[in-house]
Protein chains: 2
Amino acid sequence: MIGQTERYENIINKLRSDGFRITPQRLSIIKVLISDTSHPSIERVYNQVKTDFPTTSLATIYKTVAMLKDMGELMEISLGDGSNRVDGYTPDPHPHLICTRCKKIVDADVDEVNAVNTALSQTYGFKITGHRLDFFGLCPECQNHSKN
Amino acid sequence: MIGQTERYENIINKLRSDGFRITPQRLSIIKVLISDTSHPSIERVYNQVKTDFPTTSLATIYKTVAMLKDMGELMEISLGDGSNRVDGYTPDPHPHLICTRCKKIVDADVDEVNAVNTALSQTYGFKITGHRLDFFGLCPECQNHSKN
DNA sequence: TTTTCTGCAAATGCTTTGCATGGGA
DNA sequence: TCCCATGCAAAGCATTTGCAGAAAA
(Lines give C-alpha, C1' and ligand atoms only; values in the text may rest on other atoms or scores of the structure.)
Protein backbone atom coordinates (compact mmCIF):
# COMPACT_ATOMS: atom_id res chain seq x y z
CA MET A 1 0.00 0.00 0.00
CA ILE A 2 1.55 3.27 -1.11
CA GLY A 3 0.99 6.64 0.51
CA GLN A 4 -1.73 9.01 -0.59
CA THR A 5 0.68 11.69 -1.72
CA GLU A 6 2.58 9.23 -3.87
CA ARG A 7 -0.59 7.85 -5.30
CA TYR A 8 -1.79 11.34 -6.11
CA GLU A 9 1.46 12.10 -7.95
CA ASN A 10 1.25 8.83 -9.84
CA ILE A 11 -2.24 9.54 -11.08
CA ILE A 12 -1.30 13.05 -12.18
CA ASN A 13 1.70 11.74 -14.06
CA LYS A 14 -0.39 9.07 -15.72
CA LEU A 15 -2.93 11.67 -16.78
CA ARG A 16 -0.21 13.81 -18.25
CA SER A 17 1.46 10.99 -20.13
CA ASP A 18 -1.88 9.84 -21.47
CA GLY A 19 -2.44 13.26 -22.97
CA PHE A 20 -5.12 14.38 -20.53
CA ARG A 21 -5.06 17.89 -19.25
CA ILE A 22 -4.49 18.75 -15.64
CA THR A 23 -7.35 20.90 -14.51
CA PRO A 24 -8.10 22.16 -11.02
CA GLN A 25 -11.43 20.30 -11.11
CA ARG A 26 -9.68 17.04 -11.84
CA LEU A 27 -7.13 17.61 -9.12
CA SER A 28 -9.89 18.32 -6.65
CA ILE A 29 -11.89 15.27 -7.65
CA ILE A 30 -8.83 13.03 -7.44
CA LYS A 31 -7.99 14.39 -4.00
CA VAL A 32 -11.46 13.65 -2.73
CA LEU A 33 -11.56 10.20 -4.26
CA ILE A 34 -8.27 8.92 -2.93
CA SER A 35 -8.78 10.32 0.54
CA ASP A 36 -12.43 9.47 1.15
CA THR A 37 -12.59 6.06 2.76
CA SER A 38 -16.36 6.07 3.06
CA HIS A 39 -17.09 4.67 -0.40
CA PRO A 40 -19.00 7.78 -1.35
CA SER A 41 -21.79 8.12 -3.85
CA ILE A 42 -21.22 10.30 -6.90
CA GLU A 43 -23.50 12.84 -5.29
CA ARG A 44 -21.36 12.91 -2.20
CA VAL A 45 -18.16 13.35 -4.20
CA TYR A 46 -19.91 16.17 -6.01
CA ASN A 47 -20.78 17.92 -2.79
CA GLN A 48 -17.27 17.58 -1.43
CA VAL A 49 -15.69 18.90 -4.61
CA LYS A 50 -18.12 21.81 -4.61
CA THR A 51 -16.60 23.13 -1.40
CA ASP A 52 -13.44 23.73 -3.46
CA PHE A 53 -15.16 24.57 -6.72
CA PRO A 54 -18.70 25.81 -6.22
CA THR A 55 -19.28 25.92 -9.96
CA THR A 56 -18.38 22.29 -10.58
CA SER A 57 -21.05 20.30 -12.34
CA LEU A 58 -22.22 16.77 -11.76
CA ALA A 59 -21.39 15.97 -15.37
CA THR A 60 -17.73 16.73 -14.75
CA ILE A 61 -17.70 14.39 -11.77
CA TYR A 62 -19.19 11.64 -13.88
CA LYS A 63 -16.72 12.23 -16.68
CA THR A 64 -13.71 12.27 -14.40
CA VAL A 65 -14.85 9.20 -12.50
CA ALA A 66 -15.30 7.36 -15.80
CA MET A 67 -11.83 8.42 -16.88
CA LEU A 68 -10.23 7.22 -13.65
CA LYS A 69 -12.19 4.02 -13.83
CA ASP A 70 -10.85 3.38 -17.32
CA MET A 71 -7.38 4.01 -15.97
CA GLY A 72 -7.98 1.37 -13.33
CA GLU A 73 -7.65 3.82 -10.48
CA LEU A 74 -11.02 3.16 -8.93
CA MET A 75 -13.88 0.71 -8.73
CA GLU A 76 -17.59 1.12 -8.73
CA ILE A 77 -19.63 -0.70 -6.13
CA SER A 78 -23.24 -1.40 -6.87
CA LEU A 79 -25.45 -1.72 -3.83
CA GLY A 80 -28.33 -4.11 -3.94
CA ASP A 81 -30.90 -1.39 -4.38
CA GLY A 82 -29.57 0.05 -7.60
CA SER A 83 -27.53 2.87 -6.14
CA ASN A 84 -23.83 3.06 -6.85
CA ARG A 85 -20.80 4.04 -4.85
CA VAL A 86 -17.22 4.80 -5.73
CA ASP A 87 -14.19 3.19 -4.19
CA GLY A 88 -11.07 5.12 -5.07
CA TYR A 89 -9.24 4.62 -1.85
CA THR A 90 -7.77 1.24 -2.65
CA PRO A 91 -7.57 0.45 -6.34
CA ASP A 92 -6.81 -3.23 -5.87
CA PRO A 93 -9.80 -5.54 -6.02
CA HIS A 94 -11.06 -6.56 -2.64
CA PRO A 95 -14.32 -7.73 -1.12
CA HIS A 96 -16.80 -5.33 0.39
CA LEU A 97 -18.94 -5.96 3.40
CA ILE A 98 -22.14 -4.01 2.97
CA CYS A 99 -24.43 -3.49 5.92
CA THR A 100 -27.96 -3.71 4.64
CA ARG A 101 -29.26 -1.72 7.56
CA CYS A 102 -26.98 1.31 7.89
CA LYS A 103 -25.51 1.07 4.35
CA LYS A 104 -21.99 1.16 5.70
CA ILE A 105 -19.38 -0.40 3.42
CA VAL A 106 -16.30 -2.00 4.89
CA ASP A 107 -13.24 -3.01 2.90
CA ALA A 108 -12.42 -6.61 3.64
CA ASP A 109 -9.20 -8.40 3.11
CA VAL A 110 -9.00 -12.15 3.42
CA ASP A 111 -6.51 -14.50 1.87
CA GLU A 112 -9.20 -16.94 0.82
CA VAL A 113 -10.21 -14.65 -2.03
CA ASN A 114 -7.10 -15.53 -3.93
CA ALA A 115 -7.92 -19.20 -3.58
CA VAL A 116 -11.32 -18.59 -5.15
CA ASN A 117 -9.70 -16.63 -7.94
CA THR A 118 -7.28 -19.41 -8.72
CA ALA A 119 -9.92 -22.11 -8.51
CA LEU A 120 -12.15 -20.25 -10.96
CA SER A 121 -9.39 -19.69 -13.49
CA GLN A 122 -8.44 -23.32 -13.44
CA THR A 123 -11.92 -24.78 -13.44
CA TYR A 124 -13.58 -22.56 -16.00
CA GLY A 125 -10.68 -21.34 -18.11
CA PHE A 126 -11.51 -17.68 -17.62
CA LYS A 127 -8.77 -15.12 -17.67
CA ILE A 128 -9.94 -13.02 -14.76
CA THR A 129 -9.24 -9.31 -14.97
CA GLY A 130 -11.36 -8.02 -12.16
CA HIS A 131 -14.00 -8.90 -9.66
CA ARG A 132 -16.65 -7.41 -7.52
CA LEU A 133 -17.22 -9.22 -4.27
CA ASP A 134 -20.06 -7.88 -2.22
CA PHE A 135 -21.19 -9.53 0.97
CA PHE A 136 -24.46 -8.29 2.35
CA GLY A 137 -25.37 -8.53 5.98
CA LEU A 138 -25.49 -6.78 9.30
CA CYS A 139 -22.48 -5.03 10.77
CA PRO A 140 -21.68 -5.63 14.45
CA GLU A 141 -23.37 -2.40 15.54
CA CYS A 142 -26.58 -3.09 13.65
CA GLN A 143 -26.81 -6.61 14.96
CA ASN A 144 -27.45 -5.16 18.38
CA HIS A 145 -30.01 -2.42 17.98
CA SER A 146 -31.70 -4.01 15.00
CA LYS A 147 -35.07 -4.69 16.47
CA ASN A 148 -36.73 -3.24 13.37
CA MET B 1 -30.66 -29.12 -6.57
CA ILE B 2 -34.36 -29.83 -7.04
CA GLY B 3 -36.10 -30.38 -10.34
CA GLN B 4 -37.67 -27.59 -12.31
CA THR B 5 -41.18 -28.95 -12.01
CA GLU B 6 -40.89 -29.22 -8.26
CA ARG B 7 -39.43 -25.75 -8.04
CA TYR B 8 -42.27 -24.40 -10.16
CA GLU B 9 -44.82 -25.97 -7.83
CA ASN B 10 -43.03 -24.64 -4.79
CA ILE B 11 -43.09 -21.10 -6.06
CA ILE B 12 -46.77 -21.31 -6.95
CA ASN B 13 -47.60 -22.63 -3.51
CA LYS B 14 -45.57 -19.90 -1.87
CA LEU B 15 -47.36 -17.28 -3.92
CA ARG B 16 -50.70 -18.69 -2.92
CA SER B 17 -49.87 -18.92 0.78
CA ASP B 18 -48.49 -15.38 0.72
CA GLY B 19 -51.82 -14.12 -0.57
CA PHE B 20 -50.65 -13.39 -4.10
CA ARG B 21 -52.91 -14.29 -6.96
CA ILE B 22 -52.06 -16.85 -9.55
CA THR B 23 -52.33 -15.24 -12.95
CA PRO B 24 -51.40 -16.68 -16.32
CA GLN B 25 -48.85 -13.90 -16.78
CA ARG B 26 -47.14 -14.79 -13.54
CA LEU B 27 -47.10 -18.46 -14.43
CA SER B 28 -45.58 -17.66 -17.77
CA ILE B 29 -42.93 -15.36 -16.30
CA ILE B 30 -42.00 -17.92 -13.66
CA LYS B 31 -41.72 -20.64 -16.28
CA VAL B 32 -39.36 -18.54 -18.34
CA LEU B 33 -37.27 -17.48 -15.37
CA ILE B 34 -36.65 -20.90 -13.92
CA SER B 35 -35.92 -22.54 -17.24
CA ASP B 36 -33.73 -19.89 -18.87
CA THR B 37 -30.14 -20.62 -18.00
CA SER B 38 -28.76 -17.71 -20.00
CA HIS B 39 -29.09 -15.06 -17.26
CA PRO B 40 -31.47 -13.06 -19.41
CA SER B 41 -32.06 -9.35 -19.35
CA ILE B 42 -35.52 -8.10 -18.37
CA GLU B 43 -36.06 -7.23 -22.00
CA ARG B 44 -35.30 -10.79 -23.03
CA VAL B 45 -37.67 -12.22 -20.44
CA TYR B 46 -40.27 -9.81 -21.75
CA ASN B 47 -39.84 -11.03 -25.30
CA GLN B 48 -40.03 -14.66 -24.28
CA VAL B 49 -43.17 -14.12 -22.24
CA LYS B 50 -44.75 -12.23 -25.12
CA THR B 51 -44.75 -15.36 -27.25
CA ASP B 52 -47.24 -16.75 -24.73
CA PHE B 53 -48.97 -13.47 -23.93
CA PRO B 54 -48.56 -10.91 -26.67
CA THR B 55 -50.30 -8.25 -24.58
CA THR B 56 -47.96 -8.54 -21.62
CA SER B 57 -46.34 -5.27 -20.60
CA LEU B 58 -42.81 -4.60 -19.46
CA ALA B 59 -44.20 -3.17 -16.25
CA THR B 60 -45.68 -6.53 -15.34
CA ILE B 61 -42.36 -8.23 -15.89
CA TYR B 62 -40.68 -5.72 -13.62
CA LYS B 63 -43.34 -6.11 -10.96
CA THR B 64 -43.21 -9.89 -11.03
CA VAL B 65 -39.43 -10.00 -10.99
CA ALA B 66 -39.40 -7.67 -7.99
CA MET B 67 -41.92 -9.89 -6.23
CA LEU B 68 -39.88 -13.03 -6.87
CA LYS B 69 -36.73 -11.25 -5.81
CA ASP B 70 -38.37 -10.31 -2.52
CA MET B 71 -39.35 -13.93 -2.08
CA GLY B 72 -35.72 -14.89 -2.57
CA GLU B 73 -36.42 -16.89 -5.69
CA LEU B 74 -34.05 -15.05 -7.94
CA MET B 75 -31.01 -12.78 -8.03
CA GLU B 76 -30.14 -9.77 -10.04
CA ILE B 77 -26.73 -9.54 -11.65
CA SER B 78 -25.39 -6.15 -12.51
CA LEU B 79 -22.92 -6.12 -15.36
CA GLY B 80 -20.12 -3.64 -15.19
CA ASP B 81 -21.71 -1.34 -17.72
CA GLY B 82 -24.91 -0.62 -15.82
CA SER B 83 -27.14 -3.18 -17.46
CA ASN B 84 -28.80 -5.82 -15.35
CA ARG B 85 -29.58 -9.47 -15.79
CA VAL B 86 -31.78 -11.92 -13.96
CA ASP B 87 -30.70 -15.24 -12.57
CA GLY B 88 -33.70 -17.30 -11.62
CA TYR B 89 -32.34 -20.66 -12.57
CA THR B 90 -30.52 -21.35 -9.35
CA PRO B 91 -31.76 -19.40 -6.36
CA ASP B 92 -28.81 -20.24 -4.15
CA PRO B 93 -26.04 -17.63 -4.11
CA HIS B 94 -23.12 -18.52 -6.30
CA PRO B 95 -20.36 -16.68 -8.10
CA HIS B 96 -20.73 -15.52 -11.66
CA LEU B 97 -18.04 -15.43 -14.28
CA ILE B 98 -18.81 -12.58 -16.63
CA CYS B 99 -17.05 -12.31 -19.96
CA THR B 100 -16.41 -8.66 -20.62
CA ARG B 101 -16.14 -9.27 -24.35
CA CYS B 102 -19.15 -11.43 -25.28
CA LYS B 103 -21.18 -10.68 -22.11
CA LYS B 104 -21.66 -14.36 -21.42
CA ILE B 105 -22.38 -15.21 -17.79
CA VAL B 106 -21.33 -18.54 -16.36
CA ASP B 107 -22.48 -19.92 -13.03
CA ALA B 108 -19.50 -20.94 -11.01
CA ASP B 109 -19.33 -23.25 -8.08
CA VAL B 110 -16.20 -23.53 -6.00
CA ASP B 111 -15.86 -24.66 -2.41
CA GLU B 112 -13.49 -21.86 -1.56
CA VAL B 113 -16.38 -19.39 -1.42
CA ASN B 114 -17.55 -20.85 1.84
CA ALA B 115 -14.10 -20.34 3.32
CA VAL B 116 -14.25 -16.67 2.39
CA ASN B 117 -17.67 -16.39 3.92
CA THR B 118 -16.52 -17.88 7.20
CA ALA B 119 -13.35 -15.82 7.31
CA LEU B 120 -15.29 -12.61 6.79
CA SER B 121 -17.79 -13.37 9.53
CA GLN B 122 -15.07 -14.13 11.99
CA THR B 123 -12.74 -11.29 11.09
CA TYR B 124 -15.23 -8.47 10.74
CA GLY B 125 -18.11 -9.59 12.90
CA PHE B 126 -20.66 -9.24 10.14
CA LYS B 127 -23.68 -11.47 10.08
CA ILE B 128 -23.68 -12.27 6.39
CA THR B 129 -27.06 -12.80 4.80
CA GLY B 130 -26.14 -12.82 1.16
CA HIS B 131 -23.46 -12.09 -1.34
CA ARG B 132 -22.90 -11.26 -4.92
CA LEU B 133 -19.68 -12.51 -6.39
CA ASP B 134 -18.92 -11.35 -9.89
CA PHE B 135 -15.66 -12.13 -11.58
CA PHE B 136 -14.94 -10.23 -14.78
CA GLY B 137 -12.64 -11.46 -17.47
CA LEU B 138 -12.36 -13.24 -20.77
CA CYS B 139 -13.99 -16.59 -21.38
CA PRO B 140 -11.90 -19.30 -23.09
CA GLU B 141 -13.44 -18.57 -26.49
CA CYS B 142 -12.83 -14.84 -26.33
CA GLN B 143 -9.26 -15.31 -25.22
CA ASN B 144 -8.54 -16.70 -28.67
CA HIS B 145 -10.17 -14.39 -31.17
CA SER B 146 -9.83 -11.31 -29.02
CA LYS B 147 -7.51 -9.32 -31.17
CA ASN B 148 -9.74 -6.28 -30.85
C1' DT C 1 -3.40 29.33 -31.13
C1' DT C 2 -5.11 24.88 -30.85
C1' DT C 3 -7.49 21.50 -28.71
C1' DT C 4 -9.44 19.69 -24.76
C1' DC C 5 -12.38 20.45 -20.73
C1' DT C 6 -16.17 22.48 -18.34
C1' DG C 7 -20.80 23.31 -17.22
C1' DC C 8 -25.28 23.91 -18.50
C1' DA C 9 -29.34 21.92 -20.23
C1' DA C 10 -31.48 18.59 -22.91
C1' DA C 11 -31.69 13.81 -23.94
C1' DT C 12 -31.46 9.08 -22.88
C1' DG C 13 -32.67 4.67 -21.06
C1' DC C 14 -34.04 1.79 -17.48
C1' DT C 15 -37.30 1.29 -13.97
C1' DT C 16 -41.28 2.73 -11.25
C1' DT C 17 -45.82 4.62 -10.58
C1' DG C 18 -50.82 6.14 -11.10
C1' DC C 19 -54.89 4.80 -12.54
C1' DA C 20 -58.78 2.78 -15.08
C1' DT C 21 -60.01 -1.77 -16.61
C1' DG C 22 -59.86 -6.72 -16.29
C1' DG C 23 -59.92 -10.91 -13.95
C1' DG C 24 -58.76 -14.24 -9.87
C1' DA C 25 -60.82 -16.02 -5.62
C1' DT D 1 -68.63 -9.30 -5.12
C1' DC D 2 -64.21 -7.72 -3.62
C1' DC D 3 -59.69 -6.55 -4.48
C1' DC D 4 -55.55 -7.53 -6.47
C1' DA D 5 -53.20 -7.59 -11.01
C1' DT D 6 -52.62 -5.88 -15.57
C1' DG D 7 -51.25 -2.71 -19.04
C1' DC D 8 -50.91 1.62 -20.70
C1' DA D 9 -48.86 6.03 -20.39
C1' DA D 10 -46.64 9.27 -17.66
C1' DA D 11 -43.26 10.15 -14.27
C1' DG D 12 -38.71 9.49 -12.01
C1' DC D 13 -33.92 9.24 -11.64
C1' DA D 14 -29.27 8.44 -12.42
C1' DT D 15 -26.25 8.96 -16.07
C1' DT D 16 -24.84 10.58 -20.69
C1' DT D 17 -24.48 13.77 -24.43
C1' DG D 18 -24.30 18.14 -27.36
C1' DC D 19 -22.55 22.30 -27.58
C1' DA D 20 -20.80 27.04 -26.71
C1' DG D 21 -17.62 29.26 -23.95
C1' DA D 22 -13.42 28.77 -20.88
C1' DA D 23 -9.00 27.29 -20.08
C1' DA D 24 -4.83 24.24 -20.43
C1' DA D 25 -0.71 23.48 -23.25
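These numbers come from a predicted model, not from an experiment. Chain identifiers are assigned alphabetically (A, B, ...) following the order of the sequence lines, protein sequences preceding nucleic acid strands; residue numbering begins at 1 within each chain.
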### Message
Using the side-chain hydrogen bond (donor to acceptor under 3.5 Å, both in side chains) criterion, which residues pair with Asp134(A)? Sequence neighbours excluded.
### Response
Arg132(B)
## Note on the structure
Per-nucleotide protein contact along nucleotides 15-25 of chain C, 5' to 3', at a 4.0 Å heavy-atom cut-off (B base, S sugar-phosphate only, - neither), is SBBB----BBS
### Message
Once ring pair (Phe, Tyr, Trp, His ring centres under 6.0 Å) is applied, what residue pairs with a partner in residues 15-35 of chain B remain, sequence neighbours excluded?
### Response
none
### Task
Using a cut-off of strictly less than 4.0 Å between a heavy atom of the residue and any atom of DNA chain C, enumerate the qualifying residues of residues 46-56 of chain B by number.
none
### Summary
Hits for side-chain hydrogen bond (donor to acceptor under 3.5 Å, both in side chains) against Thr23(A), two or more places apart or cross-chain, chain-then-number order -> none
### Query
By side-chain hydrogen bond (donor to acceptor under 3.5 Å, both in side chains), which residues pair with Thr64(A), not counting sequence neighbours?
none
### Query
Between Met67(B) (CE) and dA5(D) (P), how many Å, whole number?
8 Å
### Query
Is it the case that Thr118(B) and Ser121(B) place a side-chain donor and acceptor less than 3.5 Å from each other?
no
### Within residues 29-50 of chain A or reaching into it, pairs that qualify as salt bridge (Lys or Arg N to Asp or Glu O under 4.0 Å) - sequence neighbours excluded
Asp36(A)-Arg44(A)
### Message
Strictly by salt bridge (Lys or Arg N to Asp or Glu O under 4.0 Å), give each pair with a member in residues 112-131 of chain A just once, sequence neighbours left out.
### Response
none
## Note on the structure
Residues pairing under salt bridge (Lys or Arg N to Asp or Glu O under 4.0 Å) where one sits in residues 115-124 of chain A, two or more places apart or in two chains, turn out to be none
### Summary
One would report the end-axis bend of the helix from dT1(C)-dA25(D) to dA25(C)-dT1(D), five pairs per end and rounded to 10 degrees, as 40°
### Query
Under 4.0 Å between a side-chain N or O of Gln25(A) and OP1 or OP2 of dA24(D)?
no
### ring pair (Phe, Tyr, Trp, His ring centres under 6.0 Å): pairs with one or both residues in residues 36-75 of chain B, sequence neighbours excluded
His39(B)-His96(B)
### Query
Does dA24(D) have OP1 or OP2 sitting under 4.0 Å from an N or O in the side chain of Arg26(A)?
no
### Message
Holding to ring-ring contact (aromatic ring centres under 6.0 Å, His included), I want the full list of residues that pass it with Phe126(A), two or more places apart in sequence or in another chain.
### Response
none
### Query
Would you say the side-chain atoms of Asp109(B) and His94(B) include a donor-acceptor pair closer than 3.5 Å?
no
#### Entry: Given DNA chain C, 5'-ward residue of the pair Glu43(B) and Gly19(A), judged by closest heavy atom
Gly19(A)
### Query
Any side-chain N or O of Ser57(B) less than 4.0 Å from the OP1 or OP2 oxygen of dC8(D)?
no
